[in-house]
Amino acid sequence: MSKHLMSLAAARRAGRPFGIASVCSAHPIVIRAALRRAARSDRPVLIEATCNQVNQFGGYTGMTPAAFVSFVEEIALDEGVSRDQIIFGGDHLGPNPWRKEPAEIALKKASDMVEAYVAAGFGKIHIDASMGCAGEPTALDDRTVADRAALLCSVAEAAAARAEMPAPVYILGTEVPVPGGADHALSTVAPTEREAARETIAVHRAAFDVAGLGPAFDRVIAFVVQPGVEFGSDNVIAYDPPRAAALSSLLNDEPALVFEAHSTDYQTEEALASLVSDGFPILKVGPGLTFAYREALYALDLIASDLVPGYGERPLAKAIEALMVQSPANWSGYYHGDETSLRIQRHFSYSDRIRYYWTRPEAEAAVTALLSALEGTRIPETVLHQYLPQIDQVNASGPIDILIAAVDQVLAVYDNATLAVH
């Protein structure tokens, strides 16, 4: 499957660019929707885990890299998807989870994490050593970042050799916004300066050469840059091709590379297709998928309130509100305003910080109660149309199918946008 990624730059040079969506989520409904779509399309599916989400200590999902692979493989088996069709990616692998510790300690933990990812079968590794650790500047200089990236790459290469696995492909660079969307209102986002990107590439190439990692650098397929896309709590900055034209033109001087675009959530199909044709064919999406899941889940909460005697008045939404108010750590630094504004953002923000709560016991119990209430209940077409007019009832009759269909509608936009341009 790494050959699929390795061919992105060549396809662009040949005038037939194609892309791939990077599904950044550990939610089982999102994973199932992505794999079900892959089974229908017979296209590769790229599923990524982040350093905070999945690591050797479990991350916030409680899963190690090996456990995450097993989790996805189990769903794939159920959906009839071959293991060979799945590309596993590790995102922002570096010292970020331990950046409050001294660099030596944080980098040792980052090295152990990279080794665990590669040993588990992750074939696409995004190395991100850009953040300062204890006593260091928040943002490090290019040379320090590149040297640390080379160190982590050497760990990955050795891990692949020990496990007798194919050597990974790499993504380098990190000019991306706050994960999960910006924490303040946005009106514009400037694309990465062409010369800044050129310097980042050159410094990393030199650091890899000094470290004897020339063959590994040949498997660097992309650098992360900012093409000028982002989303805040309640607005989206749309891709503007002319503003990114200078950055895109750098790829003419780097024919073996493409760019990876993060925070592409909520972009239109036209914008995503333009990103692909302009040299940003790896399109990260995460909150946009769980946003669609939450949207459908809340609609089902309303439907059950209307249809099922004794279910109550939106008990799922009420349970999640109580949980988020009691445990504000995952949203309080991102949402701002008065109490009404905070309540609206907790549930409906594009940043979708609510996604961190679905694995909590209180949330799981509320979702289970909702799905149980609707199990075997026929949802009249008129009622479904009232709350989820975009869902095709013929193909999504039960509550789980409805949730998968809602996520699949987002994935369909990415599939259409990433098809080869003729």
Side-chain angles (χ1 to χ4, degrees), residues 1-6 20-28 30-32 34-35 38 44-79 81-98 106-129 148-172 179 213 215-216 219-222 224 260 282 284-286 289 359:
M1 281 292 102
S2 64
K3 290 181 179 178
H4 186 79
L5 299 177
M6 291 287 286
I20 188 167
S22 169
V23 177
C24 290
S25 178
H27 196 287
V30 171
I31 299 297
R32 188 172 294 278
L35 291 168
V45 57
L46 172 57
I47 296 175
E48 303 222 24
T50 68
C51 60
N52 289 310
Q53 184 183 62
V54 172
N55 57 49
Q56 70 271 36
F57 302 114
Y60 68 74
T61 63
M63 285 188 281
T64 63
F68 181 81
V69 168
S70 296
F71 159 69
V72 173
E73 287 179 339
E74 184 176 344
I75 299 174
L77 183 65
D78 193 39
E79 293 294 332
V81 177
S82 165
R83 173 62 178 84
D84 292 341
Q85 201 174 337
I86 306 170
I87 304 169
F88 284 97
D91 194 30
H92 292 289
L93 302 190
N96 185 58
W98 309 285
L107 285 167
K108 176 60 171 66
K109 291 180 178 179
S111 296
D112 292 345
M113 175 175 62
V114 167
E115 181 176 3
Y117 266 82
V118 174
F122 285 75
K124 173 183 178 286
I125 301 295
H126 172 210
I127 296 176
D128 178 7
R148 291 179 179 180
L151 169 68
L152 295 175
C153 178
S154 68
V155 171
E157 293 288 286
R162 278 195 303 274
E164 298 182 344
M165 302 181 71
V169 298
Y170 296 103
I171 311 294
L172 303 175
L213 293 168
R219 280 179 273 108
V220 174
I221 59 171
V224 177
E260 179 170 281
I282 306 173
K284 289 291 187 79
V285 57
L289 298 171
T359 57

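Along the sequence shown, the residues carry numbers beginning at 1. Side chains are part of it too, since the values below use all heavy atoms of this structure and drop only hydrogens, waters and symmetry mates.
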query = Once you round to the nearest 0.5 Å, how far does CG of L289 lie from OG of S25?
reply = 6.5 Å
ask   = Roughly how far apart are Q85 CD and H4 NE2, rounded to 0.5 Å?
value = 10.5 Å
ask   = Do you know the tightest heavy-atom contact between L5 and K124?
value = CD1-CD, 3.8 Å
query = So which heavy atom on A149 is nearest to which on A129, and how close?
reply = N-CB, 4.1 Å
request  = Scan side-chain atoms only and decide if Q56 and T64 contain a donor-acceptor pair under the 3.5 Å cut-off.
outcome  = no
ask   = Are any side-chain N or O atoms of R148 and backbone N or O atoms of L151, one a donor and one an acceptor, separated by less than 3.5 Å?
value = no
task = Would you mind reporting whether V285 and S22 have side-chain heavy atoms less than 4.5 Å apart?
result = no
note = Heavy-atom nearest pair, G89 first then L46, reads N-CD1, 4.2 Å
message = Less than 4.5 Å apart, side chain to side chain, heavy atoms only: is that true for D91 and K284?
response = yes
task = Run the numbers on L35 and I47 for side-chain contact (heavy atoms from CB on, under 4.5 Å), then give the verdict.
result = CA-CA 9 Å; L35 291 168; I47 296 175; 4.1 Å; yes
request  = Go through the steps for K109 and F57 under the test side-chain contact (heavy atoms from CB on, under 4.5 Å), then give the verdict.
outcome  = CA-CA 10 Å; K109 291 180 178 179; F57 302 114; 4.3 Å; yes
inquiry  = Is it the case that the side chain of R32 and the backbone of I75 share a donor-acceptor pair, with hydrogens and angles ignored and the cut-off at 3.5 Å?
reply    = no
ask   = Any idea which heavy atoms bring F88 and E73 closest together, and the distance?
value = CZ-CG, 4.5 Å
message = Evaluate M63 against F71 for side-chain contact (heavy atoms from CB on, under 4.5 Å), listing each step before the verdict.
response = CA-CA 9 Å; M63 285 188 281; F71 159 69; 3.9 Å; yes
request  = Identify which one of I127, D128, N52, V224 satisfies the side chain to side chain contact (heavy atoms under 4.5 Å, CB included) criterion when paired with H92.
outcome  = D128
remark   = To the nearest 0.5 Å, atom CG of L93 lies from atom OG of S111 at 11.0 Å
note = With sequence neighbours left out, the residues meeting ring-ring contact (aromatic ring centres under 6.0 Å, His included) with Y117 are F122
query = Which heavy atom of G121 sits nearest a heavy atom of M165, and at what distance?
reply = CA-CE, 3.3 Å
ask   = Looking only at heavy atoms, what is the nearest atom pair of A26 and T61, with distance?
value = CB-CG2, 3.9 Å
query = If you measure from the Lys or Arg side-chain nitrogens to the Asp or Glu carboxylate oxygens, is any gap between E157 and R162 under 4.0 Å?
reply = no
task = Applying side-chain contact (heavy atoms from CB on, under 4.5 Å), run through I282 and I221 and close with a yes or a no.
result = CA-CA 10 Å; I282 306 173; I221 59 171; 4.1 Å; yes
